[in-house]
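Okay, so here's the structure we're looking at.
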Amino acid sequence: MKRSSEVKSYNVVKGFLNLTLTDQVITTLFDEIKRTNNFGLKDLDPLLPSAMIEYSSPNTNKPLHLGHIRNNLLGDSISRIVKASGRNVIQVQIINDRGVHICKSMWAWKKFGDGETPESSGLKGDHLVGKYYVLFDKEYKRQINKSVLNGTEQEEAKKTVPCILEVQKMLLDWESGDKEVVQLWTKMNTWVYSGFEKTYERLGIVFDKNYYESETYILGKKDIRQGLQNGVFYRKPDNSVWIDLSAEGLDEKIILRKDGSSVYMTQDIGTAIQRFKDFEIDSLTYVVGNEQDYHFRVLFLILEKLGYSWARKLSHLSYGMVDLPTGKMKSREGKVVDADDLMDEMELAAKKMSIELGKSQAFSNSESEMLNKALGHGALKYFILKVDPKKRMIFNPEESIDFNGNTGPFLQYTHARISSLINKKGSQVDYDWDQFELTEKERALVILIAKFPKNIQAAATGLNPSIIATYLYELAKGFNSFYQQHSVLNAETASIAAFRVDLCKEVANVLNSGLNILGINAPERM
RNA sequence: GGUUCCGUAGCUCAGCUGGAUAGAGCAUCUGCCUUCUAAGCAGACGGUCGCGCGUUCGAAUCGCGCCGGAAUCACCA
């Protein structure tokens, strides 16, 4: 063992054999890192099939809230992770623009709106429509209470109160193409889309294709018919169509109502099949909350039974809800952390912080504004993404999101310090590995950098951006510890200085790439 | 009731393909800015890893049983 060229020394502690690698192993590793462009990121491989990722999938009756932010950030980040592993990614959302929920907003707008528009009110379109959704709920509750006072049972009242009946009529009118209803529906949806667009833009989120439920809800019926012929499904005496999954440990599930109309599952079957026709993809990942775990288990099983070879390549990135200390967020009751408000607050917090630290004078107004965005959003995104997606999060609006410690701005700060250091360096000399020995911290850093690709791989297969977040934090910690102890530009010799500059560069590269994968900007100065 | 997920320091979280004295951040306390950005670094304090049994040389990690929390088991989406 002593003769091995890779082991410098060893010792034995409590039955553990500890080997210390020779500098040569480390320097070889570092040479390779240096040689590789965009270390850790694979170039797009045109031979690999594309991956489709569905996320966001909002309803068009209310603005986005913190729960949507988690969904969007996970979807966006996992898309970037899969891209970094060399595959083309097609990002899609399905917009739930059809159904009673939007009719509720429409009904309330007709009743109370008095022609209000985003222009006349100065409200962002999605917020305006959301306002009427809340108004509907108030009126609905008022009518239920009134009905109960008149002696109707609560459950009965919920179904028979005038406003809900009118809403249901609206949905039927919409389905039959009633001109006036469709016009209103189009108008209000357009408001919502323009609002969503702004929020997505702020979040830095893009889609390659939008699917609209108003178009996809008719899909699937044809496939059900085929499944009936193949014996995958069966028909009950009342004419409804079912699948029996009891052999798989699940229940029977309805696929078509007795009147032949679709349920959620029907259109999801049809939409999945449609997507594999629309694009040359070999996998499809749904970013949807864990409340739908059961639904996706059933969906994937059905598609497999229908004989689609790609059914095994479907996956569900199931994430936990974001709840408030008081419980679930409820748009209807206005108990939500609004996405736009939260981003405003984060930008403001970043601004306060930089003024407090006396850093704001160094920047022009427009620079400051960009920085506040980068840092505020960085804090928010990292806060969300560092947590294992599976876990339920409780967000307390009273406690602001941190900018110190294990946070986005800490990683951004580390990157900015390195960037400014590199900008200060003079001419660089060549160095030879035999001119100096590596220190403990330097060795540790090289090893940390080298772990980047494996972490990307793990994050991609596990559909888990938090792996990247945790890794970047360790790297930044490792760097700061090194940086505190070692002089870079004024190192003992010019060779050492040159090596350390290179080392810093590689750390900055990985931080930059890694933050990028999380959708976070890495400014050069802050 | 069935199924799935979660339970680690006061709080927020890593660690979970079994391995050394269980790690970070926040909060509290102590040091470090006349040299590369102190949004940083070094340190102190703080833990029956929900409880019990089992498998194993060895369990936060695997299995079983409890307890606590969440979700789901809709002809809602």
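Proteins get letters first, then strands, A, B, ... in listed order; numbering begins at 1 in each.
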Rounded interatomic separation in angstrom, taking CG from A:L448 and P from B:rA24: 14 Å
Closest-nucleotide 5' rank along RNA chain B - winner of A:R98 and A:A350: A:A350
B:rG40 versus B:rU21 - spacing of their P atoms, nearest Å: 32 Å
Main-chain N/O of A:D173 paired to A:S176 side chain as donor or acceptor, under 3.5 Å: yes
Spacing between A:E252 atom CD and B:rC75 atom P, to the nearest angstrom: 11 Å
C1'-based separation of B:rC67 from B:rA22 [nearest Å]: 24 Å
Touch class at under 4.0 angstrom, heavy-atom based, for A:M321 against every strand present: nothing
Aromatic contact, A:Y382 with A:Y473 (centres under 6.0 Å): no
Test item: A:E506 side-chain N/O and A:I449 main-chain N/O as donor-acceptor pair under 3.5 Å: no
Inter-nucleotide C1' distance (B:rC5, B:rG46), Å rounded: 29 Å
Nearest-angstrom distance, P atom, B:rG1 to B:rA44: 48 Å
Residues, nucleotides or ligands: over 12 heavy atoms within 6.0 Å of A:K351 NZ: no
Distance, P atom - from B:rA59 to B:rC53, rounded to whole angstrom: 13 Å
Interface with RNA chain B, restricted to residues 461-487 of chain A and to heavy atoms under 4.0 Å: A:T470, A:Y473, A:K477, A:N480, A:S481, A:Y483, A:Q484, A:H486, A:S487
Check: B:rC75 base within 3.5 Å donor-acceptor of A:D238 side chain: yes
Among B:rA71, B:rG25, B:rC76, the nucleotide that comes nearest once only the side chain of A:N406 is considered: B:rG25
Rounded distance in Å - NZ (A:K390) to C1' (B:rA14): 13 Å
Whole angstrom value for the distance that separates P of B:rC36 from CZ of A:R525: 16 Å
Under-4.0 Å side-chain N/O to phosphate OP1/OP2 contact, A:R297 with B:rC73: no
Sugar-phosphate, base or nothing in reach of A:Q412, heavy atoms under 4.0 Å: nothing
Candidates B:rU72, B:rA39, B:rA14 - which lies nearest the side chain of A:P409: B:rA39
Touch class at under 4.0 angstrom, heavy-atom based, for A:F410 against every strand present: sugar-phosphate
Salt bridge flag under 4.0 Å for residues A:K141 and A:E333: yes
Same-atom distance (C1') from B:rU17 to B:rG31, integer angstrom: 42 Å
Options B:rA77, B:rC36, B:rU4, nucleotide nearest the side-chain atoms of A:V488: B:rC36
Sugar-phosphate, base or nothing in reach of A:I394, heavy atoms under 4.0 Å: nothing
Salt-bridge contact A:E248-A:R297 (side-chain N to carboxylate O under 4.0 Å): no
Separation of the C1' atoms in B:rG7 and B:rG43, to the nearest angstrom: 31 Å
Salt bridge A:E155-A:K158, side-chain N to carboxylate O under 4.0 Å: yes
Listed nucleotide nearest any side-chain atom of A:D293, set B:rC73, B:rU4, B:rA77: B:rU4
Derivation of the side chain to side chain donor-acceptor pair (under 3.5 Å) call for A:S315 and A:T285: CA-CA 5 Å; A:S315 56; A:T285 299; 3.0 Å; yes
A:N404 side chain, from C-beta outward: closest of B:rA77, B:rA71, B:rG40: B:rG40
A:R417 side-chain proximity, nearest of B:rC36, B:rA38, B:rC75: B:rA38
Sugar-phosphate only, base, or nothing, as touched by A:E356 at under 4.0 Å among non-hydrogen atoms: nothing
Rounded distance (Å) that lies between atom P of B:rG15 and atom CG of A:D388: 7 Å
Ring centers of A:Y193, A:Y212 separated by less than 6.0 Å: yes
Sole candidate of A:N72, A:L74, A:L73 that passes side chain to side chain contact (heavy atoms under 4.5 Å, CB included) when paired with A:Y55: A:N72
Nucleotide-level pairing of RNA chain B, given in dot-bracket where Watson-Crick and G-U pairs need both distances under 3.5 Å and | marks other strands: ((((((((.[[[[.)...(...]]]].(((((.......))))).....[[[[[..)....]]]]])))))))....
Audit row: A:D238, A:K236, salt bridge (charged side-chain N to carboxylate O under 4.0 Å, His left out) steps and yes/no: CA-CA 5 Å; A:D238 71 354; A:K236 284 199 176 176; over 6 Å; no
Note: A:E474-A:K451 ion pair, threshold 4.0 Å (strictly below): no
A:K253 NZ - B:rU72 P separation (whole Å): 12 Å
Value in whole Å for how far the P atom of B:rA77 lies from CG of A:D97: 14 Å
First of A:K386 and A:V100 reached from the 5' end of RNA chain B, by closest nucleotide: A:K386
A:Y294 side-chain proximity, nearest of B:rC73, B:rA39, B:rA71: B:rC73
Of the listed nucleotides B:rU35, B:rC73, B:rA39, the one nearest the side chain of A:N490: B:rU35
B:rA14 OP1/OP2 closer than 4.0 Å to side-chain N/O of A:K391: yes
Nearest to side-chain heavy atoms of A:K424, which nucleotide of B:rA39, B:rA77, B:rC36: B:rC36
Span that lies between the C1' atom of B:rC75 and that of B:rU8, in whole angstrom: 44 Å
A:Q457 backbone acceptor or donor facing A:T461 side chain under 3.5 Å: yes
Separation of atom NZ in A:K104 from atom P in B:rC76, rounded to whole Å: 13 Å
N/O (side chain, A:R392) to phosphate O (OP1/OP2, B:rC13) under 4.0 Å: no
